[in-house]
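If you're wondering where the values come from, they're calculated on a predicted model, not measured in any experiment. Atoms within a ligand are numbered from 1 in the order they appear, just like the ligands themselves.
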Amino acid sequence: MSKNEPPPSGASRNAPKGLARNAANYGDLDFALYLRRSFAKSMGYSTTMLEKPVVGIADTSSDYNNCHRTAPELVAAVKRGVLAAGALPLGFPTVSLCEPSLFPTSMHYRNLMALDTEAMLSAQPMDSAVLIGGCDKTVPAQLMAAASSDMPSVMLVTGPMLAQRYEGERLAACTDCRRYWARYRAGEVTPEKINAIEGKLASSAGTCGVMGTASTMACIAAVLGFMPLDTASIPAVHSDRLRAAEEAGALAVRLITHPVKPSQLITAKSVENALRVLLAIGGSTNALIHLAAVAGRVGVKVDLRDLDRLSETTPVLVDLKPTGEGYMEDFHAAGGMKMLLREMRDLLHLDCIDLYGRTLGEQLDEPGDFVDRQYIHARATPVSPVGGLVSLFGNLAPDGAILKRSAATPALFEKEARCVVFDGLADLAARIDDPDLDVTADDILVLKNAGPTTPAGMPEAGYLPIPKKIARQGVKDMVRISDCRMSGTAFGTIVLHISPEAAVGGPLAFVQSGDRIKLSVKDRSIDVLLSDEEFARRRAAWVKPAAPKRGWDKLTHDQVLQAPDGCDLGFLRPDGA
Ligand code: FES
């Protein structure tokens, strides 16, 4: 660079690009840009580099986030791709959320990460972005941010972990964590063995190794068009994952000259495709909330009754835990998203586009025919002829609830029984294993006051433990009902997301131990057998829980929407309400 090199042309003022975007307004734009370049030069960049288009890279590496352990090398690979394609890569940190690391639950902070990421995408100078996510809440948060900022963005996930062989069986987080812990509670596994297995459940870098929320969201991001289809399932430690990162960088540069915006990707049709995929993979119940939140950012509504309609006509084709047998590495090796989508091609809107501007139909026509039918079934021999999720309505859930039937016990689908109610998480922890608890294997367990507005923040507590004294009788499943969520890696006959939640005065608030509840999967209904008079009497005596006084808890309490609206914050929706 010449010492006398003139400052970059003021032409950038007319059509700000790269570092000239979003300059602070001091009343002198040239000075604002001069100041910005001066500080950027303190990092050693040449004028030539600073005049290039800019790709922002949302770097979510964190010592608290094991699922993003590989983020630093992914950032490096993205940067290679960006530089080789002729732009300047600039990484920036955002909130990073890891499922087991956050109190009260990572869900409580998904919207904070979405808000943080949206603000940084909107405020910093960049022409396009690569968003590195992976763990459950990170991908939806980043998609929400991309949708609201409408910044052309490539989604890059860290990828799933590998399963490990241990004493003759394969293990990976976290279905196997739950399975072994349930066996330990039932007295079938010794303390020594449960301790030994603790170090075998997550033995490589990456997100949970089953079709939990992280991988479900990766598949959804891919079918929405935010990443190439095959990159949804590449294991975290494969070299292909780094090549995918390099491609993500190059694709982000392509987006600068061939822009495809999130608002072009997230449409009513692509959201319906995503729902079909969610059903066909036997995906996580959480993904329904996240998809509703992402779609809601562009004004597309996910209707629970539509979900039910789609569920009746979408078979489960992927045989992975927690609903089946395999792990994400098996899905990838079996052909991954492309071969799954080919199998359900007639159910999809093939004119939806991806970041390259290709239609879904064109992507599915690309070469490559290998498919392993052990993990990606043919339509003629599905894992299940109908989809994994159903929605339920009734006097207990006027605005809906969800049941993952593919992970539930069919013998419990039609049931009327007495219920045992827990008033909140503290009550649950205090009494569930009490030997004197009045509970039988035939009862229905109910947890309330754990919904989105509560201090608990709608945790994954819907997988209520089977009371120890029942588990020790060999009982593996009971009907469990709550206004919270369950992990995408969990299983059981579990009714979730009861809406409205108890804490806002939904009918669940008025259910008491001893009431009778009727679940009918056939009729898609969930009711408590109480007279209108008794409901009214209990409603009149109900006291609304106190609200938090300050901070993120208060903002969430005041703004969070119910599950059918994705538990987004009202003021972050397009209409701000
Ligand atoms: Fe991060 Fe499961 S804990 S994906």
Residue Cys98, metal atom 1 (Fe) of ligand 1, N/O/S under 2.8 Å
no
Between Ile289 and Met458, is there a side-chain heavy-atom distance shorter than 4.5 Å?
yes
Name of the residue among Lys200, Arg179, Lys321 meeting salt bridge (charged side-chain N to carboxylate O under 4.0 Å, His left out) with Glu169
Arg179
If you count the atoms of ligand 1 from 1 in the order shown, which ones are under 4.0 Å from a heavy atom of Asp136?
2 (Fe), 4 (S)
Regarding Asn65 and Ser96, do their side chains bring together a donor and an acceptor under 3.5 Å, going by distance alone?
yes
Under 4.0 Å from a heavy atom of Cys67: which atoms of ligand 1 are those, numbered in the order shown and with their elements?
1 (Fe), 3 (S), 4 (S)
Does Pro100 approach ligand 1 within less than 4.0 angstrom via side chain, backbone, both or neither, non-hydrogen atoms only?
side chain
In terms of side-chain heavy atoms, does His290 have a donor or acceptor partner in Arg110 at a distance below 3.5 Å?
yes
Considering the heavy atoms of Ala214, write down every atom of ligand 1 situated less than 4.0 Å from one of them.
4 (S)
Numbering the atoms of ligand 1 from 1, which are under 4.0 Å from a heavy atom of Cys208?
2 (Fe), 3 (S), 4 (S)
Could you tell me whether Lys301 and Asp306 make a salt bridge, using a distance below 4.0 angstrom between a side-chain N and a carboxylate O?
no
